[in-house]
K.L.:
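I have a structure here, written as structure tokens, and I will follow up with some questions on it.
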Amino acid sequence: MTKTITKSTCCYCGVGCGVLIESDGDRIIGIQGDPSHPANFGRLCTKGMTLPATAASLTGRALHPEMRLTRDAERQRIDWDAALDTVSERFADIIERHGPDAVAFYVSGQLLTEDYYVFNKLAKGVVGTNNIDTNSRLCMSSAVTAYKLALGADGPPTCYEDLELADCVLFAGSNMAYAHPVLFRRLEAAKATRPATKWIVIDPRRTDTAAMADLHLQIQPGTDVALFNGMLHHLIWEGLVDPAYIAAHTAGFAELKKLVRDYTPKMAAELCGIFEADLVQAAEWFGASGGASLSLYCMGLNQSAHGTDKNLALINLHLATGQIGKPGAGPFSLTGQPNAMGGREVGGMATMLAAHRDIAIPSHRAEVAEVWGVPAERLSNQPGLPAVAMFDAIRDGRIKAVWIACTNPAHSLPDAGKVAEALEMAEFVVVQEAFTNTDTVPYADVLLPAATWGEKAGTVTNSERRISRVRAAVAAPGEARPDWWIACEVAKRIAARLYPEDAAGFAYVETSAIFDEHRRLTVGRDLDIGGLDYALLESHGPQQWPLPAGMRQGLARRYVDCGFATPDGRARFHATPYKPVAEPTNARYPFHLLTGRLRDQWHGMSRTGRLPQLFAHTPEPSLTMHPHDAERRGLKAGDLVRVASKRGALVLPLAIGNDVPSGSVFAAMHWNGQFLNSLGVNETSAPMVDGRSFQPELKHAAVRIERAELPWRAMAALRSPDVLMLHAAVQPLLAECDYAAISLQGRDTLVLRAACTEAPAGWLERVFTALELQPGADVLEYRDARRNLVKRVGWRSQDEGGSVLAGFVFAGDVSGAEGLLDTLLAGEVWQGPRLAVFAPKGASAVPRDRVVCNCMQVRESQIAGRAAAGAGVEQLKAELGCGTVCGSCVPELKRLCASTSRAA
Ligand SMILES: Nc1nc2c(c(=O)[nH]1)N[C@H]1C(S)=C(S)[C@@H](COP(=O)(O)OP(=O)(O)OC[C@H]3O[C@@H](n4cnc5c(=O)[nH]c(N)nc54)[C@H](O)[C@@H]3O)O[C@H]1N2
Ligand SMILES: Nc1nc2c(c(=O)[nH]1)N[C@H]1C(S)=C(S)[C@@H](COP(=O)(O)OP(=O)(O)OC[C@H]3O[C@@H](n4cnc5c(=O)[nH]c(N)nc54)[C@H](O)[C@@H]3O)O[C@H]1N2
Ligand code: SF4
Ligand SMILES: [Mo]
């Protein structure tokens, strides 16, 4: 079979790296960064590099439609016609009985623009409801709202080249080293050539991004607005603002000036819990005349009940200093998902219409209706329900049916317990997914199998407004279909029943036809792409918007002529008083819970959680606490703790680290019901939303932390040729425990850790069955009924002679189990008598040696050893090879070198 190379785009983050997919017939066999793509110029991070491996197995893929015949029955396989008919009939029935607002669509910034476009047209143009919202509500909506309020239109004014041109880079609530790694590589390279560039990081945690900064402002959670107001105060009173720019191109400065008069650097620094001198330093670097200042911001600003204010207060700094619309400068909101921007373009949200139009403006509705060929009255003039309110409405029965596509709300929405209730309550739930093992799939009455990355075609828009092609390298497996196709098929059927007189608006045969319709709607708008089609993307590569007809290239920077998208062309200042987090800590809930991302996992882990190697950097879930707080509570690393908020609780192992400030704790957002005995950290998180963007405060909740007294412990591990099948067998056992977690390790090993007040009845037997560790020649068991101990160990004989450990279960007493796991992972031939396996080895578990560099498989101990001998990053690269392939670990290498030299 000949190898084929297909140009496409990475399906993970908003950097939007170009990739070259290598395939051989129906299999994806390799990947490379596309050297010609202007986002990454050939670079990829760990997640992008491992995409072929995540696609290697069909285990866990949704391969054919399924339907539940009665409420409590298991879903059964059905054919596409039956699935499409059922979905459209159930939706049409509910619409006829209860009106269009009784149904809802919950979609995703990971859909392609063409998918998004069709869903939006189906909801708004056929059903006649604006109840279509997306996970971008949890992600970008505060940034959108603030851009519109301040600059008159959505979308960043900046481009990636500005990363190389900035003299001062302000990272606000962004852990770019983990979340946008390839852009971070570009910044590192820029700083290496221009070392005078200043980096300021604003983050309550000392992240790998913060560790690289010239100045880390470790503010109290949620105090960003106070900080920005204090910085502005200093800039104004030290004459570092640009009065000519303010006078010519802005409005509203007087009111803002009045407000920030009160925010003296001293007062602001106190609110933020930082040194006044650091605040002043940050302001001076930002305002330094002559230089260019760039802000890069993400969820630390957006995911807040005052997210719009946080964004506006930062944009105020740019407008006051004229740091916008010129090379190297501007407020640059980093998009999280690969196509959150495309979703905004097609207006695929409850509060907007296609091409940045407004629901409330009759002429906007009429323009959209005309292109769609439907009567203007069909388009509702009432905004739909944004994500959190949508699930509230499902829970209280106002919304009867919901269609969820390409997102996993049971895991990712705040107050997960309530979301689960909503999904239980709904009359009819459709889930359109590529994988079957997510926390939302169990609620599906109908499961529609979606084609995914490598199998589908369309376009995405990255953080710098650049539209890239996504192309299929292989055919979709089984009966999986592209999202746009599924939405079109249902739309045709619903339209045929509700409005048979309508022109057939969903007869697309290819995605290019959808794209052409979408770009027609953009003509004359701020994001005009009238001049862009698939042919131009083919011949000239990815393009930025706007790109109106007659132009051959998009616009790199907006507002260079200082004309903003407001009616009078002036940008708006907004007076933003500081407000504390929505749920302050108190005596009952004394800790502030921060949430965020890990380097090598993606959200609900449906893809990254398939690969043992992506667990190597952070093998287990944890709650990180400052050493002083832990000491005061008599807690130590590895203890199980119960994290509880007013809404819910979960148990996590404690990690101790200086990276969180005292009074705050941190947990990653990724772990979920597929890997834990709970839905994850969103069991505790807060549903309060920003009043203008409706984005929930996912970053902050007040919690209580107590030791979880769970004396009965178990640990099991097994090597398996199909670790995903094994995962599917073990996952149902998690729920019975007070704590349980699955991790994939080594090349092919599943590890299960569990803790309970007492052994759940029959549970061990079920573990033995799942692990296929049944009594036999190669299985040895030790039982001590009095001490309630059970240990079972299995070996596998090797063709070349001897045997290796195959797996084990230790219950009641897990001492020695961690050492045994090392032996299992090492895969060495078993020496000596088998019985020796039960002799307790060593006392407590030493923390496993983490793999820091995933590409070259270099471990922390190797790095620490060389660093202790005085090696710096360049030497580590030369000697160990770490950091030389994708570079995702370079910030950590720097941090390890710095901390080792400090210790020495
Ligand atoms: N590896 C990986 N990369 C990803 C993703 C992934 O799942 N995994 N997801 C993608 C998506 S969709 C998104 S949205 C982005 C998110 O990218 P980021 O926003 O950069 O990542 P997070 O870790 O969610 O949050 C960033 C930081 O905000 C800090 N923070 C918390 N509260 C505050 C506060 O009050 N003020 C300030 N200034 N900071 C605060 C946290 O400590 C955290 O370090 O990542 C994208 N990239
Ligand atoms: N506590 C806390 N919660 C958070 C956050 C946080 O920082 N803290 N971050 C929030 C943010 S910014 C985001 S963006 C959300 C993300 O939350 P989700 O949207 O729930 O995250 P994913 O796991 O990426 O969900 C995407 C789903 O689509 C499926 N899929 C993959 N490809 C395709 C395809 O082509 N078609 C279809 N139909 N399905 C496909 C995947 O298997 C996966 O289950 O989480 C939010 N939740
Ligand atoms: S930075 Fe990594 S995850 Fe993001 S698009 Fe590039 S390769 Fe994909
Ligand atoms: Mo996101």
Side-chain angles (χ1 to χ4, degrees), residues 9-19 31 33 37 39-40 43-51 108-110 134-141 143 170-186 201-210 217-225 227-228 272 296-304 306-307 310 314 333-338 340 407 412 453 460 462-463 468 581 592-605 607-608 614 617-618 624 659-661 664 666 668-670 695 697-700 886-888:
T9 309
C10 174
C11 61
Y12 291 121
C13 83
V15 177
C17 294
V19 297
I31 196 166
H37 196 288
N40 57 318
R43 295 183 185 92
L44 293 178
C45 78
T46 8
K47 295 183 298 298
M49 302 253 293
T50 47
L51 269 169
S108 168
Q110 293 171 63
T134 102
N135 58 4
S136 291
R137 185 69 62 188
L138 316 178
C139 186
M140 303 313 299
S141 55
L170 182 83
F171 304 78
S174 151
N175 184 10
M176 206 174 173
Y178 283 15
H180 298 89
V182 165
L183 292 186
F184 200 68
R185 298 288 88 74
R186 285 180 70 162
V201 171
I202 304 165
D203 196 309
R205 293 192 304 138
R206 191 162 178 82
T207 58
D208 276 358
T209 310
L217 301 176
Q218 196 165 14
I219 58 167
Q220 283 298 311
T223 58
D224 303 79
V225 171
L227 174 70
F228 298 143
C272 298
L296 302 166
Y297 52 101
C298 210
M299 292 309 117
L301 297 200
N302 295 351
Q303 285 173 343
S304 152
H306 316 299
K310 286 187 177 190
L314 178 58
S333 138
L334 297 171
T335 5
Q337 299 177 92
T407 174
S412 52
W453 179 84
V460 288
N462 72 6
S463 286
S468 295
V581 291
H592 194 106
L593 173 64
L594 301 166
T595 67
R597 286 160 172 79
L598 297 174
R599 196 190 75 185
D600 293 348
Q601 294 293 355
W602 179 260
H603 301 160
M605 302 160 74
R607 210 190 295 271
T608 49
L614 292 181
H617 189 250
T618 308
T624 310
D659 47 329
V660 293
S664 290
F666 172 81
M669 54 100 47
H670 306 289
Q695 179 156 356
E697 182 148 293
L698 286 161
K699 282 276 173 278
H700 311 294
C886 82
S888 290

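Whatever order the structure lists ligands and atoms in, that order sets their numbers, starting from 1. Keep in mind that what you see is a predicted model, and the values were worked out from it rather than measured.
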K.L.:
Do Ser888 and Thr46 have side-chain atoms, one donor and one acceptor, less than 3.5 Å apart?
P.N.:
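Side-chain D/A pair, Ser888 to Thr46: present.
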K.L.:
Going by the order shown, which atoms of ligand 1 are within less than 4.0 Å of some heavy atom of Gln337?
P.N.:
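Counting atoms of ligand 1 from 1, those under 4.0 Å from Gln337 are 12 (S).
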K.L.:
Using only heavy-atom distances, determine whether the side chains of Gln337 and Asn135 contain a donor-acceptor pair under 3.5 Å.
P.N.:
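Judged by distance alone, the side chains do pair up.
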K.L.:
For ligand 3, is Leu44 a contact, meaning one of its heavy atoms is under 4.0 Å away?
P.N.:
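Yes, Leu44 has heavy atoms under 4.0 Å from ligand 3.
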K.L.:
Should the proximity of Tyr12 to ligand 1, defined as any heavy atom under 4.0 Å, be assigned to the side chain, the backbone, both, or neither?
P.N.:
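Contact part for Tyr12 vs ligand 1: neither.
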K.L.:
From atom 4 (Fe) of ligand 3 out to just under 2.8 Å, does an N/O/S atom of His180 turn up?
P.N.:
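It does not; every qualifying atom lies at 2.8 Å or beyond.
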K.L.:
Ligand 1 versus His603, non-hydrogen atoms closer than 4.0 Å: side chain, backbone, both, neither?
P.N.:
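Near ligand 1, His603 shows its backbone as well as its side chain.
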K.L.:
Are His306 and Val581 close enough, and set up right, to give a side-chain contact (heavy atoms from CB on, under 4.5 Å), and what steps lead you there?
P.N.:
CA-CA 8 Å; His306 316 299; Val581 291; over 6 Å; no
K.L.:
What part of Gln303, side chain, backbone, both or neither, has a heavy atom within less than 4.0 angstrom of ligand 1?
P.N.:
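No part of Gln303 comes within reach of ligand 1.
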K.L.:
For ligand 1, which part of Ile202 has a heavy atom less than 4.0 Å away: the side chain, the backbone, both, or neither?
P.N.:
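It is both backbone and side chain that touch ligand 1.
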K.L.:
Using only heavy-atom distances, determine whether the side chains of Ser463 and Thr335 contain a donor-acceptor pair under 3.5 Å.
P.N.:
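Judged by distance alone, the side chains do pair up.
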K.L.:
Are any N, O or S atoms from Cys10 nearer to atom 8 (Fe) of ligand 3 than 2.8 Å?
P.N.:
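Given the 2.8 Å cut-off, Cys10 counts as a ligand of atom 8 (Fe) of ligand 3.
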K.L.:
Counting heavy atoms only, name the option from Leu594, Thr46, Asp203 that's nearest to atom 42 (O) of ligand 1.
P.N.:
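Ranked by closest heavy atom to atom 42 (O) of ligand 1, first place is Asp203.
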K.L.:
Using heavy-atom distances only, which candidate in Ala177, Ala668, Gly222, Pro661 approaches atom 35 (O) of ligand 1 most closely?
P.N.:
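Checking each option, the heavy atom nearest atom 35 (O) of ligand 1 is found in Gly222.
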K.L.:
Between Ala179 and ligand 1, find which residue part has any heavy-atom pair under 4.0 Å and reply side chain, backbone, both or neither.
P.N.:
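It is both parts that get close, each with some atom under 4.0 Å.
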